[in-house]
Every structure is written in C-alpha cells, then in structure tokens.
**Student:** 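Pasting in a structure now, in structure tokens, and then I'll have a few things to ask.
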Amino acid sequence: ENYTPSATRYEASELFYNRCGRSGVMLPKVSLGLWHNFGQANDIDTCRSILRYAFDNGIVHFDLANNYGPPKGYAEQTFGKIFESDFKPFRDEMFIATKAGYEMWEGPYGNWGSRKHIISSLDQSLSRMKLDYVDLFYSHRYDPNTPIEETLNALVDIVKQGKALYIGISRWPLEQLKQAYNYLAERDVKVLTVQDRLNLLDRKPQNEGILSFCREVGAGFVSFSPLAQGLLTNKYLNGVPAHSRMEQNLFLQKKVLTPELLAYLKYLNSLALDRQESLAEMALAWVLAQRGVTSVIIGASSVEQLAQNIKCVNAAPFVEEL
Ligand code: NDP
C-alpha cells in the first residue's frame, strides 16, 4: 500500500539531531546503515519495514556503499526499489550516502582509488539507487598506490558536477586524512564527515587522534559498527543464535567470542541493567557521549532491533569512565 510517513516523525527533533561538525548539516544521532540485511537473500518487505520505521522516527540519514549486498550492488538496488515506491516524494528530507574504494567489479578499474573507478562507481550507484545525486559521497578507503591528488580531484569534480553535495572520508590513516582534508579545503570542498569504527571494544579513532583531528577542523565523525556487529547487545551472551551474523561466520567470526570477551560483555550487560537499559542502548549511548561524535551508524535485521536501539538517545549520562 502507499506509504504515508508518520506525522510526528520530527517531534523530538531538537533532541534527535546533532550538528555535523562546523557545517550547516544536522544529522540524526542514530543513522541506518545498509551493509547487511538488504541483500538478495533478505525479504524485501522486511527491508521496507526497516526503512519506513527509520524514517517514521526521524532517522533521515542512510549509509550505503557500492559493494553492500550480497551480491555487491544489491543493497543499493533494494534501496532504489523502495525509494521509488515509498520515498521519492520525500527525497529532500533524506540524507543519502554511498562510497567507493573496495572491490566492486572485475578488472583493473573495479576497485581502489583511481579517478576511473571512483567516477564510474558513483554513476553506477546513482543508477542503482534511482537518484540524481547523493548527499554524501565517501572515499571508502585510502589507496596507497594511487597518487592522493588523483583520488581527491575526482572527489572535487564529483561535487562540482553536482553528483554529490558533500564529501566524506572513511578509514584513511590520520596522516593521509590530514592531507586529504587540507587538499580538499583548498579547493573549497570541506570534508563533512569522517567515518570509522568506534565502539566500547574498539577505540582506535580516539587512540590514534582521528576524533581529535575532526574536532579541531570541525569535521563531523560518524561511527560504524557501534555495536561491534551485534557483540555489544544481549545477542551472544548465551550462545550463538540461529539467523545471527555470527552464525554465518563470515564478517563476524565465531572465534572472536573468547571466554574473556564474553565475560567482559556480561559485565557490561550488568552495568546496562543497573541503568535499566539494554546493553545495546548503553553501548550506543557511550559512543554518542564521546566528544566529537555526530552519529552512530547502526545496522538492524528487524524493526524490533531498530526500535530498541533508537532508545539510546534517552539513555542515562555516564558518571564513570567505561
Ligand atoms: P552494528 O554494530 O550496529 O551491528 C548491527 C547488527 O547487530 C545487526 O545486524 C544485528 O545483527 C545486531 N543487532 C543490532 N541491534 C540489536 C539488538 N537490539 N539486539 C540484538 N542484536 C542487535 O553495525 P554494522 O556492523 O551493521 O554496521 C553499521 C553500518 O556501518 C553498516 O550498515 C555500514 O553502513 C557502516 N559500515 C561502514 C564501514 C566502512 O568501511 N566505512 C564498515 C562497516 C560498516 P543480526 O543481523 O545478527 O541480527
């Protein structure tokens, strides 16, 4: 049936949106990522329900990449189908991101950071998603074998051509991130967001100075895998359930769940229960409480997960270091 978004979707707006660094853009504290759960094997009605639930609750920022699926490209295609049927009238309310830089198609141009790869990949993404432009386009990773200027000039041109409104940088080492930031800024393209993994189990962006660099220059920081792919939920506290990411043993491997990690997760879970929150809520609230973080990009395989996770914006403050 036709989709009519909830009339109250922006009711809590003041609480729900953070300014993205020193920019004009506000992003929801919770954003939705489509890395998993939007592939060929996933039920399109569930995909549609997740996207509708997100939008109905003010989650207007959607994070994709050329290669999300499986198979590669499929998440963008699923998104495009649902965009056409449900979201087209609301395009200007949405902030849609995609990326290029990981292996996407065969041959020498299907991967990494050449101008050839980046421009062709974005054109493909736009056609799969049925969009004229994306709001945010990322270099998905640093390419050590392509001159940095070649990758960055492609990003500048993408903005000048109107195919993306803003540029983001994902997973670049700090040194190259600084170079990229400055090179783009000199050409009037400001890096809007830096995207990296930050969660209770992985604090690399803090330890390596990426987050403090973002604060210094006024770039936003968005954290991917804020739940460590589900480890920071109650999902694996009592074994590996069927239909879980770890059961597939591919991107989240069973061997990471050592007895030591399990003990730590149970300890964190007890802290969350003391706060009358789920572990997921507390873990997301922790990421959002780190100085300089704009948004957490979560994944969800059901509407129930999304409903639980979004509650993190009302979580208790942290009185002690975790
Ligand atoms: P999360 O850490 O949020 O993990 C999501 C998974 O955790 C879900 O699929 C689900 O697993 C489980 N989960 C979530 N909520 C609950 C809950 N309440 N109870 C129980 N289990 C729950 O994020 P992702 O690893 O999925 O990454 C999020 C997004 O970040 C991606 O979609 C992508 O957009 C982006 N990303 C970017 C990368 C980059 O290189 N720039 C790299 C990785 C991700 P299950 O499916 O088993 O139910």
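Ligands are counted one by one from 1 in listed order, and the atoms in each one are counted from 1 as well. Throughout, residue positions are numbered sequentially from 1 according to the sequence presented. Heavy atoms only: backbone and side chains are in, while hydrogens, waters and symmetry mates are out.
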**Student:** What pairs meet the salt bridge (Lys or Arg N to Asp or Glu O under 4.0 Å) rule with one or both residues in residues 281-295, with sequence neighbours excluded?
**Tutor:**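 Every candidate salt bridge (Lys or Arg N to Asp or Glu O under 4.0 Å) pair involving residues 281-295 fails, so no pair, neighbours aside, qualifies.
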
**Student:** Taking atom OH of Tyr109 as the centre, does the number of heavy atoms from other residues, nucleotides or ligands within less than 6.0 Å exceed 12?
**Tutor:**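 No, the 6.0 Å shell around OH holds no more than 12 heavy atoms from other groups.
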
**Student:** Quick one: look up the protein heavy atom nearest atom 5 (C) of ligand 1 and list residue, atom name and how far away it is.
**Tutor:**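 Heavy-atom neighbour on the protein nearest atom 5 (C) of ligand 1: Gly299 O, 3.3 Å.
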
**Student:** For atom 10 (C) of ligand 1, what's the nearest protein heavy atom and its distance?
**Tutor:**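 Answer, as residue, atom name and distance: Gln305 OE1, 3.3 Å.
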
**Student:** Heavy atoms only, cut-off 4.0 Å: how does Ile297 contact ligand 1, side chain, backbone, both, or neither?
**Tutor:**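 Contact part for Ile297 vs ligand 1: both backbone and side chain.
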
**Student:** Under 4.0 Å from ligand 1, counting heavy atoms only, is it the side chain of Asp196, its backbone, both or neither?
**Tutor:**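 For Asp196, no heavy atom sits under 4.0 Å from ligand 1.
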
**Student:** Passes salt bridge (Lys or Arg N to Asp or Glu O under 4.0 Å), Asp188 versus Lys160? Steps please.
**Tutor:** CA-CA 10 Å; Asp188 287 331; Lys160 308 272 169 194; 5.2 Å; no

**Student:** For atom 26 (O) of ligand 1, which of the options Arg197, His36, Arg245 provides the nearest non-hydrogen atom?
**Tutor:**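 Closest candidate by heavy-atom distance is Arg245.
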
**Student:** Could you find the nearest protein heavy atom to atom 34 (O) of ligand 1 and give me its residue, atom name and distance?
**Tutor:**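 For atom 34 (O) of ligand 1, the nearest protein heavy atom is Asp63 OD2, 2.6 Å.
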
**Student:** Taking heavy atoms and a distance under 4.0 Å, where does Ala228 meet ligand 1: side chain, backbone, both or neither?
**Tutor:**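 For Ala228, only backbone atoms sit under 4.0 Å from ligand 1.
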
**Student:** Counting the benzene-type ring for Trp, do Phe79 and Tyr68 have ring centres under 6.0 Å apart?
**Tutor:**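 Between Phe79 and Tyr68, the centre distance exceeds or equals 6.0 Å.
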
**Student:** Which residue supplies the protein heavy atom nearest to atom 30 (O) of ligand 1, what is that atom called, and how far is it?
**Tutor:**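 It is Phe224 CB, 3.2 Å.
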
**Student:** Side chain, backbone, both or neither: which part of Ser225 comes within less than 4.0 Å of ligand 1 when only heavy atoms are counted?
**Tutor:**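 Under 4.0 Å from ligand 1, Ser225 contributes backbone and side-chain atoms.
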
**Student:** Any idea which atoms of ligand 1 are less than 4.0 Å away from a heavy-atom of Asn37?
**Tutor:**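 Reading through ligand 1 atom by atom, the close ones are 9 (O), 46 (O).
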
**Student:** Can you list the atoms of ligand 1 that are under 4.0 Å from a heavy atom of Gly33?
**Tutor:**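 Those of ligand 1 that fall under 4.0 Å from Gly33 are 29 (C), 31 (C), 32 (O), 34 (O).
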
**Student:** Taking atom types as modelled, is there a side-chain donor on Arg141 or Asn111 under 3.5 Å from an acceptor on the other?
**Tutor:**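 Indeed, the side chains of Arg141 and Asn111 share at least one donor-acceptor pair under 3.5 Å.
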
**Student:** Side chain, backbone, both or neither: which part of Tyr68 has a heavy atom under 4.0 Å from ligand 1?
**Tutor:**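 Contact part for Tyr68 vs ligand 1: side chain (C-beta onward).
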
**Student:** Closer than 4.0 Å to some heavy atom of Ser244 - which atoms of ligand 1 meet that?
**Tutor:**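 Taking each heavy atom of Ser244 in turn, ligand 1 has 47 (O) under 4.0 Å.
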
**Student:** List the closest protein heavy-atom neighbour of atom 12 (C) of ligand 1: residue, atom name, distance to the nearest 0.1 Å.
**Tutor:**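 Looking only at protein heavy atoms, the one closest to atom 12 (C) of ligand 1 is Gly230 CA, 3.7 Å.
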
**Student:** One residue to check: His140. Relative to ligand 1, which of side chain, backbone, both or neither has a non-hydrogen atom less than 4.0 Å away?
**Tutor:**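 Just the side chain.
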
**Student:** Considering non-hydrogen atoms of the protein only, which is the closest contact for atom 31 (C) of ligand 1, and what is the distance?
**Tutor:**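 Protein heavy atom with the smallest distance to atom 31 (C) of ligand 1: Trp35 CB, 3.3 Å.
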
**Student:** Do Trp112 and Thr146 have side-chain atoms, one donor and one acceptor, less than 3.5 Å apart?
**Tutor:**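 The criterion, which ignores hydrogens and geometry beyond distance, is not satisfied for Thr146 and Trp112.
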
**Student:** Nearest protein heavy atom to atom 41 (N) of ligand 1, by residue and atom, and its distance?
**Tutor:**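 It is Ser170 OG, 2.9 Å.
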
**Student:** From Leu257 CG over to Leu262 CG, what is the distance, rounded to the nearest 0.5 angstrom?
**Tutor:**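 Going from CG on Leu257 over to CG on Leu262, the span is 5.0 Å.
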
**Student:** More than 12 heavy atoms of other residues, nucleotides or ligands under 6.0 Å from NZ of Lys88: yes or no?
**Tutor:**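 No.
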
**Student:** Give yes or no for whether the N/O distance cutoff of 3.5 Å, strictly under, is met between Asn234 and ligand 1.
**Tutor:**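 No; every N/O pair is 3.5 Å or more apart.
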
**Student:** Measure the distance from atom 20 (C) of ligand 1 to every protein heavy atom, then report the residue, atom name and distance (to 0.1 Å) of the closest one.
**Tutor:**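 For this ligand atom, the closest protein heavy atom is Thr233 OG1, 3.4 Å.
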
**Student:** Determine whether the side chain, the backbone, both or neither of Asn309 has a heavy atom under 4.0 Å from any heavy atom of ligand 1.
**Tutor:**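 The side chain, only.
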
**Student:** If you define the side chain from C-beta out and look only at heavy atoms, does anything of Asn309 sit under 4.5 Å from Leu227?
**Tutor:**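 With C-beta onward as the side chain, the pair touches.
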
**Student:** Which salt bridge (Lys or Arg N to Asp or Glu O under 4.0 Å) pairs, counting each pair once, include a residue from residues 107-129, with sequence neighbours left out?
**Tutor:**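 For residues 107-129, and leaving out neighbouring residues, the salt bridge (Lys or Arg N to Asp or Glu O under 4.0 Å) pairs sorted by first residue read Glu76-Arg128, Arg115-Asp157, Asp123-Lys163.
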
**Student:** So, for Phe224 and Trp35, is the gap between ring centers shorter than 6.0 Å?
**Tutor:**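 No, they do not, as the ring centres are separated by 6.0 Å or more.
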
**Student:** For Arg52 and Asn2, work out which heavy atoms get closest and say how close.
**Tutor:**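 That would be NH2-C, 4.3 Å.
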
**Student:** Does Leu227 reach ligand 1 with a nitrogen or oxygen that is under 3.5 Å from one of the ligand's nitrogen or oxygen atoms?
**Tutor:**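 It does: an N or O of Leu227 is found under 3.5 Å from an N or O of ligand 1.
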
**Student:** If I apply the N/O under 3.5 Å rule, does Leu64 come out as touching ligand 1?
**Tutor:**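 Not met; the criterion fails.
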
**Student:** Quick check on the 6.0 Å ring-centre criterion: do Tyr3 and Phe87 meet it?
**Tutor:**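 Ring-ring flag for Tyr3/Phe87: true, centres closer than 6.0 Å.
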
**Student:** At under 4.0 Å between heavy atoms, is it the side chain or the backbone of Gln308 that contacts ligand 1, or both, or neither?
**Tutor:**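 It is the side chain that gets close, since no backbone atom is under 4.0 Å.
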
**Student:** Looking only at heavy atoms, is any part of Gln229 under 4.0 Å from ligand 1, and if so is it the side chain, the backbone, or both, or is it neither?
**Tutor:**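 The answer is both, backbone and side chain.
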
**Student:** Closer than 4.0 Å to some heavy atom of Ser301 - which atoms of ligand 1 meet that?
**Tutor:**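 So the answer, numbered in order with elements, is 45 (P), 46 (O), 48 (O).
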
**Student:** Yes or no: does Tyr102 have any heavy atom under 4.0 Å from an atom of ligand 1?
**Tutor:**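 Distance cut 4.0 Å: Tyr102 fails for ligand 1.
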
**Student:** Give yes if a backbone or side-chain nitrogen or oxygen of Leu34 is under 3.5 Å from a nitrogen or oxygen of ligand 1, and no if not.
**Tutor:**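 Min N/O separation from ligand 1 is below 3.5 Å for Leu34.
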
**Student:** Which atoms from ligand 1 have a heavy atom of Lys235 less than 4.0 Å away?
**Tutor:**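 Matching atoms, with element in brackets: 11 (O), 21 (N), 45 (P), 47 (O), 48 (O).
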
**Student:** With side chains defined as the heavy atoms from C-beta onward, is the minimum distance between Arg171 and Lys99 less than 4.5 Å?
**Tutor:**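 No - every pair of side-chain heavy atoms lies 4.5 Å or more apart.
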
**Student:** Would you kindly say whether Asn153 and Tyr183 are connected by a side-chain donor-acceptor distance under 3.5 Å?
**Tutor:**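 Yes.
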
**Student:** I'd like to check whether Gln195 has a polar contact with ligand 1, where a contact means an N/O of the residue lying under 3.5 Å from an N/O of the ligand.
**Tutor:**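 Min N/O separation from ligand 1 is below 3.5 Å for Gln195.
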
**Student:** Of all the heavy-atom pairs spanning Ile298 and Leu306, show the shortest one and how long it is.
**Tutor:**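 So the minimum-distance heavy-atom pair works out to CD1-CD1, 3.5 Å.
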
**Student:** Is the contact between Arg171 and ligand 1 made by the side chain, the backbone, both, or neither, using heavy atoms and a 4.0 Å cut-off?
**Tutor:**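 The part of Arg171 near ligand 1 is the side chain, not the backbone.
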
**Student:** Check the side chains of Tyr138 and Thr193 for a donor-acceptor pair under 3.5 angstrom, ignoring hydrogens and angles.
**Tutor:**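 Checked: Thr193/Tyr138 side chains pair up, N/O donor to acceptor below 3.5 Å.
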
